[in-house]
Amino acid sequence: MSGERSRSLDPESIPRHFDAEAAEERWDARWQQDGTYHYDPSRPREETFVVDTPPPTASGSLHLGHIFSYTHTDILVRYQRMRGRNIFYPMGWDDNGLPTERRVQNYYHVRCDPGRHYEEGLRLEPASAKQRKERPRQVSRANFIELCDLVTKEDEKAFKSLWTRLGLSVDWRQEYATIDDHCRRVAQLSFRDLWEKGHAYTVHAPTLWDVDFQCAIAQAEVEDREKGGAYHDVEFGVEGSDRGFVISTTRPELLPACVGVTAHPDDERYRDLFGKRAVTPLFHVPVPIFPSEKADPEKGTGILMVCTFGDATDVQWWREEGLALRQLVGRDGRLAAVRFGADGYESLKPDEANRRYGELAGKSVAAARTAVVEQLRQAEGSATGNGPPLRAEPRPIQHAVKFYEKGDRPLEFVPTRQWFVRLLDQKEALLRKGREIEWHPAHMEKRYADWTEGLAFDWGISRQRYFGVPIPVWYPLDADGRPDFDAPIVAAADVLPVDPVDAVPPGYEEAQRDQPGGFRADPDVFDTWFTSSMTPQIASHWALDPERHATLFPADVRPQGQDIIRTWAFYTIAKALLHEDVIPWKHVAVSGWILDPDRKKMSKSKGNVITPMPLLEQYTADGVRYWAGSARLGVDTAIDEKVFKVGKRLVTKIFNASKFVLSQTAERHPIASELDRAFVAELRRLVEQATKSFEAFDHAHALMETESFFWSRFTDTYLELVKARARDDDPAAAPDRGSAVAALRLGLDVQLRLLAPFLPYVTEEVWSWLLAEETGHASVHRAPWPDAESLAHVEPPAGDESFAAAVAALAAINKAKADAEVGMGREVESLTLRATPRSLANLEPVLADVLAAGRCLEHALEPDDGCEEGTFAVENPTFAEKR
RNA sequence: AGGCACGUAGCUCAGUGGCUAGAGCGCCGCCUUGACACGGCGGAGGUCGGCGGUUCGAGCCCGCCCGUGCCUACCA
């Protein structure tokens, strides 16, 4: 050896405490400036790792759930980056949809009128109190979208600053918003492709309808809510007979919309009625009585009325039995004005029917219900002539009612014209694709499969909203001005994105808009999922840049929450299937829920949302990331401040231990002492385990193993054991000292790399002190992930047990000091170590380090076969006086 | 009602059929040590939800039950 000394850190140059907030700001700026997280488009697909980042709802509130799942993704990404992968990690903003619409309507006091044309240069100020009292200003869809853009830009800033503070290693050059031109183009191209392939169709049919938003809803947006209701027992008559029967209904207001009556074919009570006609009370409408397997003899009275439309089964019966259509509930949720006795509204007593219905028309569903019940109660003479048609007072029940997930009133089935994507004929293919994808945890695939198997409707993709991607379609109008829905004009690929309200279809002129013989624009927009189901293709520039698409699609991983498996994951898989018959990504990583300390799911409606910034300030970004990183994928996790605290403690410990290790200096010598070689062997096992865990998408396990090693194998043990040797000034001890300093530094280097994906700030901070220069890797986040190979230059230890023996012997000495209630720094004048001969043999090559760490002056060894293998007992210790 | 997951120390969680079931926090006691008192050392703390089965051996596998969460179904 040349006598050259290792470079070292002047501990005086390092602040006493780690200023995390300053470090976060400094490193965020530095990473941006250096392009540390930039994607390199020149590298091939095999070296690239593509993340299909969830675009957060820009107008949504920030809460801890965001931190949780996005941190999981970032940890995985940072690991892959250190493995040498070229990371494609974009960020999108999901800004179209209802939440933004509502905010913009309030903020500017405007309403969107899709029939209007774009006003160039329209600039609005936030509405004043005076303006709010006036009628809202009507603006075109394009202007409305501009306003939405303005508002969401602010929300995006808030998210971006949170993501930056949290240390997400996103490439901010790859940013998109689901309403921007590029996303609109991709969504409309998607529609074109589906139309050309025959997967998209338009039809006028009963559809799930929200009466407040006056908008169609897809199956995936429906949720059940337990609501109070009541069974109303209502007597019906039988045509040409003095018989009657009683049905039980929870929706008496639909009585005037009754178009049939059904019971189970085997039900003895009603068998003789099949084929006859029932007569409804109050309205005296004769309706067919037919048998149906779907009627449950156990429910209610076993016989029930079929209305247009009370529920999904009514829609089915209506189709299968060819029943009449009496659509009373309108798009606004109020009963329409109709006349009984007129075409399609047969009644045996039209005058009475119209008198009664006149009291209902124009009423909301709820108000009509009250009114009908009163009529049923008051009406004279039931069919059988014994009392009013309401045979008993309503019996309250609790039952599930379908709601739009963002809605306030129950959904209705209303016949409207909508666009659909055929999915029912794709179930098998969808299930196959689901099985091709690797789900983490694996059981999440079952959720997807369950949903897919339970699919009851095709995907309704048109929405009667404004802030969304317009459906790029016009309809030709015939000589009477009626649209031909069977021959839609779909905009050509090269004019996209297009708003058909402003653009004119080929072969027409603007003057022909809405004129007989002219054309009419489709005023609707796509379901927001229609766009967000394209996030992998949005990033890869599908259908626009084949070369980029080939490099970035399919993606490697889709991180997401379990609540949107049936929407985002499902629709994304469907789109990739329908467009290119491929899977959109190889892996899905599903994060669990955040639960509040009472184990309730955190949600805005429960009011138990925790905002992340105060936690970041109190526990540092690394501390918060530690909390997220310690939770496995798919496992629901309670918010527990203890865990944040532990994370912060780990950050502090890393800071202090690094300061110590890097300030040691010695002549350069190879790692040759037994304890040092034994430590490196332990380190090597850790590297193998952590790598294996990461490869299995188990970041939490990798963190646990690394953290546990750091405390119990490094700072509490190895570091204490070599401390004295690392500072030994005796020239004869130079090789041993050099070995110690080299091993300490290697140990720190490796552990910093293993912890870097979890704790990017503190690891980068201490890395920058010395290791950046020594290793030639300016950022620990671009340094290679350690592997067994990188530790192969250190000779394996002579014995497998020497490290464990050293740790156990030191623990025994520590315990002797604790028992004697003296400090760990106290010198031991003499002691006897008793252990099995084998344990003593294991201890022999590392004994000097143990005695130095225990500050033992005189010692004796006592072989004893009676001892437990691997343990040491300290006997007759005598302690020096306190210095 | 069906499905999936979970149930381990006071709390939060590890645990690959194989020694006496682990960690951290919290609790108790002790220690100013030279990287760190934002620290260290030691200790107490368990019927692994219950019952049965398979096995030489079960926290782990199988069956039933109880509890929790979620998904799906349930609107007459």
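Order of the sequence lines sets the chain letters (A, B, ...), proteins ahead of strands, with each chain counted from 1. Quick caveat, the model's predicted, so the values are computed rather than measured. As a basis for the values below, the full set of heavy atoms in this structure was taken, side chains included, without hydrogen atoms, waters or symmetry mates.
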Quiz item: In whole Å, what is the span from the CD1 atom of A:Ile14 to the P atom of B:C38?
Solution: 20 Å

Quiz item: Between A:Ser839 and A:Glu869, is any side-chain donor less than 3.5 angstrom from a side-chain acceptor?
Solution: yes

Quiz item: What pairs with A:Asp819 under side chain to side chain contact (heavy atoms under 4.5 Å, CB included), at least two apart in sequence or on another chain?
Solution: A:Lys815

Quiz item: How far, in whole Å, is B:A21 from B:A73 if one measures between their C1' atoms?
Solution: 41 Å

Quiz item: Within this structure, what is the CG-to-C1' distance between A:Leu662 and B:C36, rounded to whole angstrom?
Solution: 14 Å

Quiz prompt | Stepwise side chain to side chain contact (heavy atoms under 4.5 Å, CB included) test for A:Tyr619 and A:Glu641 | solution = CA-CA 9 Å; A:Tyr619 297 110; A:Glu641 295 228 14; 2.4 Å; yes

Self-check item: Nearest-Å distance once atom P is located in both B:C6 and B:G43
Solution: 34 Å

Exercise. Please confirm whether any donor atom in the side chain of A:Glu705 sits under 3.5 Å from an acceptor in the base of B:A14, or the reverse.
Key: no

Quiz item: Using a cut-off of 4.0 Å on non-hydrogen atoms, how would the nucleic acid contact of A:Phe18 be classed: base, sugar-phosphate, or nothing?
Solution: nothing

Quiz item: Expressed in angstrom and rounded to an integer, what is the separation of A:Glu223 atom CD from B:C70 atom C1'?
Solution: 14 Å

Quiz item: Looking at the side chain of A:Arg855, which of B:G40, B:U33, B:A73 is the nearest nucleotide?
Solution: B:U33

Exercise. Starting from P on B:C75, measure out to CH2 on A:Trp209 and report it in whole angstrom.
Key: 24 Å

Quiz item: Could you give the CG-to-P distance, from A:Asp636 to B:U12, as a whole number of Å?
Solution: 13 Å

Self-check item: Set of residues satisfying side chain to side chain contact (heavy atoms under 4.5 Å, CB included) with respect to A:Ala806, sequence neighbours excluded
Solution: A:Leu675, A:Leu721, A:Val846, A:Val850

Quiz item: Of all the nucleotides listed (B:A37, B:G15, B:U12), which has the minimum atom distance to the side chain of A:Ala638?
Solution: B:U12

Quiz item: Can you find an N or O donor on one side and an acceptor on the other, under 3.5 Å apart, linking the side chain of A:Lys446 with the base of B:A5?
Solution: no

Quiz prompt | hbond_proxy A:Lys653 side chain to B:C36 base (donor-acceptor, 3.5 Å cutoff) | solution = yes

Practice problem: Check the distance between B:C75's C1' and A:Gln316's CD and give it to me in whole angstrom. | Solution: 15 Å

Quiz item: What's the closest nucleotide to the A:Glu868 side chain, out of B:A35, B:U20, B:C75?
Solution: B:U20

Quiz prompt | Atom C1', compared across B:C27 and B:U12: separation rounded to whole Å | solution = 16 Å

Quiz item: Residues two or more places apart in sequence or in another chain: which of them pass salt bridge (charged side-chain N to carboxylate O under 4.0 Å, His left out) with A:Asp224?
Solution: A:Lys402

Self-check item: Per A:Trp593 side chain, nearest of listed nucleotides B:G40, B:C70, B:C75
Solution: B:C70

Quiz item: Quick one: the side chain of A:Asp224 and the base of B:C75, do they pair up donor-acceptor inside 3.5 Å?
Solution: no

Quiz item: In whole Å, what is the span from the CG atom of A:Asn814 to the P atom of B:G43?
Solution: 10 Å

Quiz item: Any idea which of B:G34, B:G42, B:U12 is nearest the A:Lys723 side chain?
Solution: B:G34

Enumerate the protein-to-nucleotides 21-28 of chain B contacts in which both atoms are nitrogen or oxygen and the separation is below 3.5 Å.
unit_1	atom_1	unit_2	atom_2	d
B:G24	O3'	A:Arg649	NH2	3.4
B:C25	OP1	A:Arg649	NH1	3.4
B:C25	OP1	A:Arg649	NH2	3.1

Practice problem: Have a look at A:Thr715 and say if it touches a base, only the backbone sugar-phosphate, or nothing, with a 4.0 Å heavy-atom cut-off. | Solution: base

Exercise. Could you pull out all residues at least two apart from A:Glu829 that satisfy salt bridge (charged side-chain N to carboxylate O under 4.0 Å, His left out)?
Key: none

Side-chain donor-acceptor pairs under 3.5 Å in residues 712-720 of chain A, sequence neighbours left out?
unit_1	atom_1	unit_2	atom_2	d
A:Ser712	OG	A:Ser708	O	2.9
A:Thr715	OG1	A:Phe710	O	3.4
A:Thr715	OG1	A:Trp711	O	3.3
A:Thr717	OG1	A:Ser712	O	2.9
A:Thr717	OG1	A:Arg713	O	2.8
A:Tyr718	OH	A:Asp676	OD1	2.7
A:Glu720	OE1	A:Lys723	NZ	3.4
A:Glu720	OE2	A:Lys723	NZ	3.3

Run the side-chain donor-acceptor check on residues 694-703 of chain A: report pairs under 3.5 Å with partners two or more places apart or on a different chain.
unit_1	atom_1	unit_2	atom_2	d
A:Glu695	OE2	A:Tyr79	OH	2.5
A:Asp698	OD1	A:His701	N	3.2
A:His699	NE2	A:Ala631	O	2.9
A:His701	ND1	A:Ser693	OG	3.4
A:His701	ND1	A:Glu705	OE2	3.2

Quiz item: Among the nucleotides B:G3, B:U20, B:G29, which one has an atom lying closest to any side-chain atom of A:Glu821?
Solution: B:G29

Can you name the atoms? Protein N/O to nucleotides 60-63 of chain B N/O, anything below 3.5 Å, with the distance.
none

Quiz item: With Watson-Crick and G-U wobble geometry limited to distances under 3.5 Å, how should the secondary structure of RNA chain B be encoded in dot-bracket form, using | for bases paired to another strand and [ ] for crossing pairs?
Solution: (((((((..((((....[...)))).(((((.......))))).....(((((..]....))))))))))))....

Quiz item: Given A:Trp769 and A:Phe655, is the ring pair (Phe, Tyr, Trp, His ring centres under 6.0 Å) satisfied, shown in steps?
Solution: CA-CA 11 Å; A:Trp769 292 341; A:Phe655 184 86; 5.3 Å; yes

Exercise. May I ask you to check whether over 12 heavy atoms, not counting those of A:Lys294, lie within 6.0 Å of atom NZ?
Key: yes

Quiz prompt | Spacing of the P atoms in B:G18 and B:C74 (rounded, Å) | solution = 45 Å

Quiz item: side chain to side chain contact (heavy atoms under 4.5 Å, CB included) with A:Cys856: which residues, sequence neighbours excluded?
Solution: A:Ile813, A:Val828, A:Leu831, A:Leu851

Quiz item: Have A:His232 and A:Thr249 got a donor and an acceptor in their side chains that come within less than 3.5 Å?
Solution: no

Quiz item: Ignoring hydrogens and angles, does a donor from either the side chain of A:His443 or the base of B:C4 sit under 3.5 Å from an acceptor on the other?
Solution: no

Quiz item: Where the side chain of A:Trp711 is concerned, which of B:G40, B:C13, B:C38 is the nearest nucleotide?
Solution: B:G40

Self-check item: Pairs touching residues 647-665 of chain A that satisfy side-chain hydrogen bond (donor to acceptor under 3.5 Å, both in side chains), sequence neighbours left out
Solution: none

Quiz item: Rounded to whole angstroms, how far apart are CZ on A:Phe660 and P on B:C38?
Solution: 20 Å

Quiz item: Listed by chain and number, what are the side-chain hydrogen bond (donor to acceptor under 3.5 Å, both in side chains) partners of A:Glu223, not counting sequence neighbours?
Solution: A:Arg225

Quiz prompt | Gap in Å between the two C1' atoms, one belonging to B:G40 and one to B:G34, rounded | solution = 13 Å

Quiz prompt | RNA chain B: 5'-proximal contact among A:Val222 and A:Gly310 (nearest heavy atom) | solution = A:Val222

Quiz item: Can you tell which of B:C70, B:C74, B:C36 lies closest to the side chain of A:Asn656?
Solution: B:C36

Quiz prompt | Options B:C74, B:U33, B:G42, nucleotide nearest the side-chain atoms of A:Lys299 | solution = B:C74

